[in-house]
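By convention in this document, chain letters (A, B, ...) are assigned in the order of the sequence lines, proteins followed by strands, and residues within each chain are numbered from 1. Every value quoted in this text rests on a predicted model; they were computed, and no experiment measured them. Keep in mind that the numbers below use all heavy atoms, side chains included, and drop hydrogens, waters and symmetry copies.
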2 protein chains.
Amino acid sequence: MTTTHLASTPRQSGARAVYELLRERIITGTLAPGERLTEPVLAATLGVSRTPVREALRLLQAEALVVELPTGGVRVAPLDVADARRVYDVRARLEGLLARDACERAARADVARLARLVDLMDVVRDHDEEVLRVGGQFHREIEALADNAWCSALLRQIRGHVDRYRALAARERVGTTDHVDEHRAVADAIAAGDPDEAERVMRAHIDRSAALAERALTPPPAPPPT
Amino acid sequence: MTTTHLASTPRQSGARAVYELLRERIITGTLAPGERLTEPVLAATLGVSRTPVREALRLLQAEALVVELPTGGVRVAPLDVADARRVYDVRARLEGLLARDACERAARADVARLARLVDLMDVVRDHDEEVLRVGGQFHREIEALADNAWCSALLRQIRGHVDRYRALAARERVGTTDHVDEHRAVADAIAAGDPDEAERVMRAHIDRSAALAERALTPPPAPPPT
DNA sequence: GGTTGCGCACTTGTATACAGGTAGAGGTGG
DNA sequence: CCACCTCTACCTGTATACAAGTGCGCAACC
């Protein structure tokens, strides 16, 4: 971590707490898409004054988790399934860039650590829960290696929205085998010191996740005859 | 413009005005990197109360144009030249994605319009000022065609930072000829309906811009003997 | 003279008070 | 019965008031 001047301060003010809480609730769907958020109600509910609530709403607004109403005030950002693809498209590019950067900075020990994570993922490949957990760890590891604060900051925003869609697709069916293989491909590219390949493979990986998410998000059309 | 639920509201409240003003001043360098911003001073200067100032600062904070101090309060985000490359890296991916989307949506008339912009750019190729202006228009045109609100929103943030570095490199020396050619390559790829190529070429274009900016930002080392 | 301790001024964070404006409900007239 | 108008209640945006914490300077003491 050399160039860190964003996201440097973990201070917990009341406003920050409100922000975190609302963010969580929006992402998990506790606060429904399109729901109007009124400051007095939120303030009363959370036991603070309107001021910290407003601060939190501004932060959320900048993240597009809430949208401004023409008349003032905000509501929880609507969830348009058609937009999911766009969100994943952006995520694919950002994570691809991270994979490239990680590749260019990874030391031998880092490569080994990534390999271990993939192996572990392979071991637990039958337990979706674990696959998801270890997989997430893999992505975070790459993010840490990349040490690209800019990309990370943007990715954090995008991830919030990705997680919204995930929460919507109740149980995301992970193509476990492919998932592990794709991660291994990324790890291999990094091990081989091939940044172009690392970026390409990571991007392809996210693209495939996007396709799965897209399917999970559009079950209505026609339940295929078993 | 079909899927627009972000950036939909142009309401001009005082807070918004403060935000726009401070943003402008930070980007142009009127407010120096690292400078401490105190709410009472800003409020008095701008003739408003602390409340709208705080709102504006939160927005700027979410954009990383100001950074939180450990003790509370904010200062203008420092400008680390080493980070310029990272910012351009992200921009390259985002604009690349936009080029792809634009390619997939462009109608014949759109293609013609892009071609005209490139031709115009070629005509004025000797006037840097004009090249920059028309070039910017070209990029905005592609952004509009792409109709990818997500990408646009993130790009807006990144552009703010790009512009900071630009303002720093007082007179960005545009490799005019290359610049025009690169734009033409993008337009051609879109005309040919080749999204992969459009993305690739656009990304390469920004990468080259990054290299130029990087040179412009590091004049100290050694003035090459003419 | 250097160092240490105290005190002050300033700043942030939060709460409250106030004015303008909007939407919605209800009543009245056609 | 429907449409229009009015009135009310609420919500946002802004300003101000208040409390706590921090850093800095000054002065006294070693």
Side-chain angles (χ1 to χ4, degrees), chain A residues 5-26 31-78, chain B residues 5-26 31-78:
Chain A
H5 46 250
L6 29 186
S8 51
T9 312
R11 245 157 36 75
Q12 87 307 11
S13 56
R16 183 71 50 161
V18 173
Y19 163 74
E20 301 283 1
L21 186 68
L22 291 180
R23 186 173 196 271
E24 176 73 14
R25 291 193 179 171
I26 292 174
L31 291 172
E35 184 175 348
R36 174 87 189 261
L37 299 181
T38 62
E39 296 166 10
V41 173
L42 290 175
T45 304
L46 304 177
V48 294
S49 80
R50 277 179 55 207
T51 312
V53 171
R54 279 183 76 85
E55 307 246 333
L57 290 181
R58 285 301 159 274
L59 255 18
L60 293 169
Q61 179 186 331
E63 239 179 301
L65 283 174
V66 303
V67 296
E68 222 176 347
L69 292 166
T71 73
V74 301
R75 62 177 188 179
V76 178
Chain B
H5 47 248
L6 25 186
S8 52
T9 311
R11 248 160 34 75
Q12 85 308 10
S13 57
R16 184 71 50 162
V18 174
Y19 163 74
E20 301 284 1
L21 185 69
L22 290 181
R23 187 173 195 272
E24 176 73 15
R25 290 195 181 170
I26 292 173
L31 291 172
E35 183 175 350
R36 174 91 188 259
L37 299 182
T38 62
E39 297 166 10
V41 174
L42 290 176
T45 304
L46 304 177
V48 293
S49 81
R50 275 180 57 206
T51 311
V53 171
R54 278 182 77 83
E55 305 246 334
L57 290 181
R58 284 303 158 272
L59 255 16
L60 293 169
Q61 180 185 331
E63 240 179 298
L65 283 173
V66 304
V67 296
E68 222 176 345
L69 292 166
T71 73
V74 301
R75 61 177 189 179
V76 178

How many angstroms lie between CG in A:L60 and CD in A:E55, if you round to the nearest 0.5 Å?
12.0 Å

If I take atom CZ in residue A:R54 and atom P in nucleotide D:dG13, what distance separates them, rounded to the nearest angstrom?
5 Å

D:dC11 P sits how many Å from A:L57 CG, rounded?
14 Å

Atom-pair distance (CZ on B:R58; P on D:dT14), nearest Å:
16 Å

Beyond-backbone contact of A:L22 with A:L57, side-chain heavy atoms, under 4.5 angstrom:
yes

Please report the closest heavy-atom contact between A:A62 and B:L59, naming both atoms and the distance.
CB-CD1, 4.2 Å

Judged by nearest nucleotide, the residue sitting upstream toward the 5' end of DNA chain D, B:V48 or A:T38, is A:T38

Looking at the side chain of A:R50, which of C:dT11, C:dA17, D:dA15 is the nearest nucleotide?
C:dA17

Rounding to an integer number of Å, can you tell me how far B:L69 CG sits from C:dT11 P?
13 Å

Does A:Y19 reach the side chain of B:R58, with side-chain heavy atoms less than 4.5 Å apart?
no

Axis deviation across the helix from C:dG1-D:dC30 to C:dG30-D:dC1, five-pair ends, to the nearest 10°:
0°

So which nucleotide from C:dG13, C:dT11, D:dT12 ends up closest to the side chain of B:R36?
C:dT11

Which is true for A:L37 with a 4.0 Å heavy-atom rule: it touches a base, it touches only sugar-phosphate, or it touches nothing?
sugar-phosphate

With sugar-phosphate meaning primed atoms plus P, OP1 and OP2, does B:E39 contact a base, only sugar-phosphate, or nothing at under 4.0 Å between heavy atoms?
sugar-phosphate

In whole Å, what is the span from the CZ atom of B:R75 to the P atom of C:dT11?
17 Å

Nearest heavy atoms of B:G14 and B:P52, plus distance in Å
C-CB, 4.4 Å

Among C:dG13, D:dC11, D:dT12, which nucleotide has an atom closest to any side-chain atom of A:V41?
D:dC11

So B:R75 and B:L69, do their side chains get closer than 4.5 Å, heavy atoms only?
yes

Checking contacts here: which listed nucleotide (D:dT22, D:dG13, D:dA15) is nearest the side-chain heavy atoms of B:T51?
D:dA15

Please determine whether the number of non-hydrogen atoms from other residues, nucleotides or ligands lying under 6.0 Å from atom CZ of A:R25 exceeds 12.
no

